[in-house]
Amino acid sequence: MSTADPLATLGALPTVADSVDSVRKAVDRVYGHRVMRRRSHAVTSEAALRGARGSAALAGADWALEEVRRRSDFSGDDEARAVGAALRLTAEAGQLLSIWRQSPLRVLARLHLVAAGTQDDTVGRPRQKGEPVDEPLIELELPDADEVAGRLDGLAQLIIAGSTAPAIVTAAVVHGELLALRPFGAHNGLVARAAERIVLIGSGLDPKSICPAEVGHAELGRAAYVAALEGYVSGTPEGMAAWIGHCAKAVELGVRESTAVCEALQRGAA
């Protein structure tokens, strides 16, 4: 891309512009719900829980919502640890907003540390040459460590510089780039979806964090998620527009989920 703001160039694509408009209208509708005037904190809490469940499902731990809600110990098997990691990341995301625009790489390191839940010399830093990656859902070609470092720096520079692109475009690019790079030895999908959440909140599109894109990604399914990511990795305008459209649809499905929560709260059923 030849402009100084490549994200804005993506946002100007006709199919992307349609997706942006659709997302904006959907978000405005749920924020206008009467429940949001009185019980927005309850909606935010429920959206966080459902978003974490969705992110964990894409990581291979497809638990029922009520199971996630009732459990307190997530130290058992791999699935339990994935659910615990998703819950921790969702809680942490809102605490990192002020740092994201100044130091996105620092935030990504923190997200990885939170997801891992352990401390060793591979946690919280990009992988080095020869280090393996455990990310079974994403089977695309793995960039080498030098490419990862360069592209992470480029992504950080874009975020720090800011963009006139719509929030959903920036969020989708951050999400897609992290999945494509898989910069950490594990938990890349969980971290990428948490970063998407941070962008959506911090941009002002979803300041109360009530539109969990993770719900939509899970509902659209793992196969569609990977197929859309392949479009992003292709680097073609059509492929990248398809990925952005996929992420926009995920947000709209998250809006639908939170609208149902609002309706339940209004009826006194939740």
Side-chain angles (χ1 to χ4, degrees), residues 11 16-58 63-70 83 86-101 107 111 163-172 174-175 190 192-220 244-270:
V16 172
D18 290 343
S19 294
V20 169
D21 185 57
S22 183
V23 167
R24 180 75 266 175
K25 289 177 179 177
V27 172
D28 285 347
R29 282 194 298 270
V30 72
Y31 269 84
H33 197 286
R34 62 186 300 178
V35 166
M36 288 297 296
R37 294 195 294 270
R38 297 176 288 110
R39 302 191 64 184
S40 65
H41 290 302
V43 182
T44 296
S45 295
E46 190 64 19
L49 184 72
R50 296 180 185 216
R53 193 217 72 83
S55 190
L58 286 171
W63 288 14
L65 180 63
E66 291 310 313
E67 177 68 8
V68 179
R69 196 190 304 280
R70 75 170 188 84
V83 175
L87 288 166
R88 292 192 302 272
L89 284 169
T90 300
E92 187 77 9
Q95 309 302 313
L96 298 172
L97 295 173
S98 62
I99 305 171
W100 175 253
R101 285 295 297 272
V107 170
L111 291 175
S163 173
T164 59
I168 188 62
V169 173
T170 304
V174 168
H175 186 171
L190 291 168
R193 292 184 288 276
E196 178 185 50
R197 173 181 283 268
I198 288 171
V199 175
L200 293 173
I201 299 169
S203 66
L205 177 65
D206 182 23
K208 294 183 183 294
S209 192
I210 63 166
C211 306
E214 305 96 325
V215 168
H217 287 304
E219 186 172 336
L220 291 167
I244 295 167
H246 182 89
C247 292
K249 181 62 176 176
V251 173
E252 289 189 61
L253 291 170
V255 167
R256 187 178 70 178
E257 187 87 354
S258 286
T259 300
V261 170
C262 288
E263 294 295 328
L265 288 168
Q266 186 167 291
R267 295 191 304 269

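Only heavy atoms go into these numbers, but all of them, side chains included; no hydrogens, no water, no symmetry mates.
- Within the 4.5 Å cutoff, side-chain heavy atoms of L87 are placed close to those of L49.
- Closest non-hydrogen pair, A42 versus L265, comes out as CB-CD1, 4.1 Å.
- Although no hydrogens or angles enter the test, the distance criterion places no donor-acceptor pair under 3.5 Å between the side chain of S55 and the main chain of A52.
- Taking each heavy atom of L200 and A171 in turn, the nearest pair found is CD2-CB, 3.7 Å.
- Residues A93 and R197 approach most closely at CB-CD, 3.9 Å, considering heavy atoms.
- Annotation for S19 and G245: closest pair OG-CA, 3.7 Å, computed over non-hydrogen atoms.
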I'd like to know whether E66 forms a salt bridge (charged side-chain N to carboxylate O under 4.0 Å, His left out) with R70, so could you lay out the CA-CA distance, the side-chain angles of the two residues, the decisive distance to 0.1 Å, and finally the verdict.
CA-CA 6 Å; E66 291 310 313; R70 75 170 188 84; over 6 Å; no
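- Residues V255 and A26 share a closest heavy-atom pair of CG1-O, 3.4 Å.
- Side-chain contact check for C262 versus V43: some heavy-atom pair is nearer than 4.5 Å.
- Remark: E46 engages R69 in a salt bridge, criterion side-chain N to carboxylate O under 4.0 Å.
- Between the side chain of S22 and the backbone N or O of D18 there is no donor-acceptor pair closer than 3.5 Å.
- Put simply, CZ on R24 and CD on E252 are 12.0 Å apart, with the number rounded to the nearest 0.5 Å.
- Around the CZ atom of R34, the shell of radius 6.0 Å holds no more than 12 heavy atoms that belong to other residues, nucleotides or ligands.
- Within the 4.5 Å cutoff, side-chain heavy atoms of H246 are placed close to those of H217.
- Taking the side chain as every heavy atom from C-beta outward, C211 and V30 approach each other to under 4.5 Å.
- For S209 (side chain) and I201 (main-chain N/O), no donor-acceptor pair under 3.5 Å exists by modelled atom type.
- Remark: the backbone N or O of K208 is paired with a side-chain donor or acceptor of T44 at under 3.5 angstrom.
- For V16, the side-chain contact (heavy atoms from CB on, under 4.5 Å) criterion is met by L13, V20, V169, A241, I244, not counting sequence neighbours.
- In this structure, the side chain of R53 engages the main chain of W63 through a donor-acceptor pair within 3.5 Å.
- Under the 4.5 Å side-chain criterion, counting only non-hydrogen atoms from C-beta, L58 is not in contact with L190.
- For the residue pair L97 and I198, the shortest heavy atom distance occurs at CD2-O, 3.6 Å.
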